[in-house]
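Below is one structure; the comments refer to it alone.
In what follows, chains are A, B, ... by sequence order, proteins preceding strands, each numbered from 1.
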2 protein chains.
Amino acid sequence: MTMRKIAESTVRRLSLYLRCLEGFEAQGLETVSSDVLAARGGTTSAQVRKDLSFFGSFGKRGLGYSVRELSSALRGILGLGRRYRVAVIGAGKIGSALVQYPGFRQRGFDIVAIFDADTRKVGEAWDGLRVRHVRELDQALRDQPADIVAIVTPGEVAQGMVDRCVALGVKAILNFAPVQLQVPDDVAVKHVNLALEFETLTFALNNR
Amino acid sequence: MTMRKIAESTVRRLSLYLRCLEGFEAQGLETVSSDVLAARGGTTSAQVRKDLSFFGSFGKRGLGYSVRELSSALRGILGLGRRYRVAVIGAGKIGSALVQYPGFRQRGFDIVAIFDADTRKVGEAWDGLRVRHVRELDQALRDQPADIVAIVTPGEVAQGMVDRCVALGVKAILNFAPVQLQVPDDVAVKHVNLALEFETLTFALNNR
DNA sequence: GTGCATTTGTGAAAGATTTCACAATGACCA
DNA sequence: TGGTCATTGTGAAATCTTTCACAAATGCAC
């Protein structure tokens with residue numbers, strides 16, 4: 001199942017398809033065609049079939065896909081067959097929203113630790129989780145490794161935190177700080193940058 | 001300046017370059033080469049030059065780019081020469097984080113209204129802004145049009161809100177709801193979907 | 001069981017984006 | 001002024017992604 005060189009765009013769509021399938025499942029649908037899935041997911045049926053074809057053959061010709069089976073296959077492909085431990089560095093507004101959002105737990109992501117450099121925040125309990133000082137970061141991650149670290153610090157300190165995490169063996173980072181991070185090849189980084197999203201919108205507003 | 005068919009990926013990088021340039025400006029740097037800008041932005045010098053070449057010629061051969069001039073040019077290209085009015089629909093955790101994040105105001109985005117369907121939330125003041133009931137949405141947007149609407153509602157009601165906004169002339173939407181939105185061609189939509197980002201990370205963790 | 005209506009899976013074609021590579025230009029120095 | 005060095009701007013090539021189009025399955029009706 002694990003061939004190399006799957007495009008980022010393909011993986012994003014797989015995740016999207018899974019979300020659509022969960023909707024169909026909730027509606028009680030048993031099967032979907034690539035056409036219907038594409039319509040819901042905002043793409044084309046050929047794209048759906050091509051994306052899936054990188055991983056195998058999941059449909060029945062003439063019939064479409066079993067909603068249940070395809071969901072299950074996608075969860076397998078995306079590695080969602082188990083839960084993931086997430087540590088959050090930075091207890092500001094966005095860190096807070098992350099920690100308190102119940103959707104993550106539902107989707108298999110458990111936030112297991114939150115850190116901040118501000119001693120005034122340390123000790124606050126958020127959603128049952130005590131904010132710890134960043135100086136405890138290394139010890140905490142050694143005792144209880146995290147699968148994914150979310151960086152929600154100011155830009156200036158983000159790289160330093162990432163370096164510490166990488167040294168501790170963290171292989172996946174979700175970065176909300178507005179800086180590009182340097183990491184070794186075997187560490188996955190995803191960036192979420194709201195200013196950037198807003199600016200692609202202002203560009204669109206001014207160019208059509 | 002306004003040719004058609006600029007790739008989305010190019011626009012995102014332009015926004016990124018601007019962020020890098022602001023950093024260089026803060027460090028007191030007068031000029032940068034495409035090489036230095038690329039290193040900071042996580043891309044290549046050829047990519048930087050190609051991206052810029054769609055809009056004109058901003059550098060001096062042998063010298064590089066004036067940090068000040070290039071910043072200013074990019075702000076022009078991205079349409080950041082003025083302020084933008086943003087309305088937020090949905091006063092949950094993420095809506096709250098959005099409204100209270102001071103960075104948006106600093107970057108030219110003013111949140112001018114926030115709506116929710118939950119009457120218990122209506123009337124709360126967030127950062128000096130009163131939460132209004134969604135039934136006031138149409139009247140409010142007619143009185144005080146917004147340039148950009150951020151959708152922070154549950155998925156089930158997102159499309160309905162978008163339809164109302166589009167009918168009122170909104171041309172740019174930032175969608176945090178985990179559904180694909182249908183809009184006319186002349187409306188720009190950007191999606192922010194954290195579950196999806198997490199899932200591209202779990203895919204990466206399981207496929208290398 | 002035959003034929004019809006569907007819909008998948010997939011090579012090949014088209015289209016888009018990134019990288020290459022180099023001529024052109026400007027700054028600086030002697 | 002002329003030579004050297006650095007760096008841009010840009011066609012052309014390479015690579016990557018999406019779309020096309022159709023043979024191969026499958027179910028269903030009769």
>> Output the rounded distance in Å from CD (A:Gln47) to P (D:dC16).
In response: 16 Å

> A:Phe198 and ring pair (Phe, Tyr, Trp, His ring centres under 6.0 Å): which partner among B:Phe109, B:Tyr101, B:Tyr84?
Replying inline: B:Phe109

> Taking atom C1' of C:dG9 as reference, at what distance in whole Å does atom CG of A:Asp51 sit?
Replying inline: 13 Å

> How many Å lie between NZ on B:Lys50 and P on D:dT10, as a whole number?
Replying inline: 8 Å

> Using a cut-off of less than 4.0 Å, is there contact between a side-chain N or O of B:Ser53 and OP1 or OP2 of D:dG9?
Replying inline: no

> Which whole-number value in Å describes the distance from B:Phe55 CZ to D:dT10 P?
Replying inline: 14 Å

> Between A:Glu8 and A:Lys190, is there a salt bridge with N-O shorter than 4.0 Å?
Replying inline: yes

Ignoring hydrogens and angles, write down the donor-acceptor pairs under 3.5 Å from the side chains of residues 179-189 of chain A, residues two or more places apart or on other chains.
residue  : atom : partner  : partner atom : Å
A:Asp186 : OD2  : A:Lys171 : NZ           : 2.9

> With respect to the side chain of B:Ser9, which nucleotide from C:dT19, C:dT17, D:dT17 is positioned closest?
Replying inline: C:dT17

>> Nearest heavy atom decides the nucleotide; on that basis, is B:Asp35 or A:Arg13 closer to the 5' end of DNA chain D?
In response: B:Asp35

> With respect to the side chain of B:Ser34, which nucleotide from C:dT19, C:dT17, D:dT8 is positioned closest?
Replying inline: D:dT8

>> Going by side-chain hydrogen bond (donor to acceptor under 3.5 Å, both in side chains), name the residues that satisfy it together with A:Arg49, two or more places apart in sequence or in a different chain.
In response: A:Ser34, A:Ser45

Pairs of donor and acceptor atoms involving the side chains of residues 17-25 of chain A, under 3.5 Å and at least two apart or interchain, shall be tabulated with distances.
residue : atom : partner  : partner atom : Å
A:Tyr17 : OH   : A:Asp51  : OD2          : 2.7
A:Arg19 : NH2  : B:Glu199 : OE1          : 3.0
A:Arg19 : NH2  : B:Glu199 : OE2          : 3.0
A:Glu22 : OE1  : A:Arg107 : NH1          : 3.1
A:Glu22 : OE1  : A:Arg107 : NH2          : 3.4
A:Glu22 : OE2  : A:Arg75  : NH1          : 3.1
A:Glu22 : OE2  : A:Arg107 : NH2          : 3.4

>> So, using salt bridge (Lys or Arg N to Asp or Glu O under 4.0 Å) as the criterion, who are the partners of A:Asp138 when residues are at least two apart?
In response: A:Arg164

> With the sugar-phosphate defined as primed atoms, P, OP1 and OP2, and the base as all remaining atoms, what B/S/- string results for nucleotides 21-30 of chain C, 5' to 3', for protein heavy atoms under 4.0 Å?
Replying inline: B-BBBSS---

> Using the C1' atoms of five pairs at each end, what's the angle between the two axes of the helix from C:dG1-D:dC30 to C:dA30-D:dT1, to 10 degrees?
Replying inline: 10°

>> Can you identify which nucleotide, out of D:dT18, D:dG11, D:dT8, has its nearest atom closest to the B:Tyr65 side chain?
In response: D:dT8

>> Please report the distance, rounded to the nearest Å, between CZ in A:Phe58 and C1' in D:dA25.
In response: 17 Å

> Reckon A:Thr10 touches a base, only the sugar-phosphate, or nothing at all at heavy-atom distances under 4.0 Å?
Replying inline: nothing

>> Please check if the number of heavy atoms outside B:Glu136 that lie under 6.0 Å from its CD is greater than 12.
In response: yes

>> Looking at B:Gly90, is its backbone amide N or carbonyl O close enough to the side chain of B:Asp116 to form a donor-acceptor pair, meaning the two atoms are under 3.5 Å apart?
In response: no

>> Tell me whether A:Arg83 is salt-bridged to A:Asp110, with the criterion being a basic N under 4.0 Å from an acidic carboxylate O.
In response: yes

> Is any side-chain nitrogen or oxygen of A:Ser57 closer than 4.0 Å to OP1 or OP2 of C:dG9?
Replying inline: yes

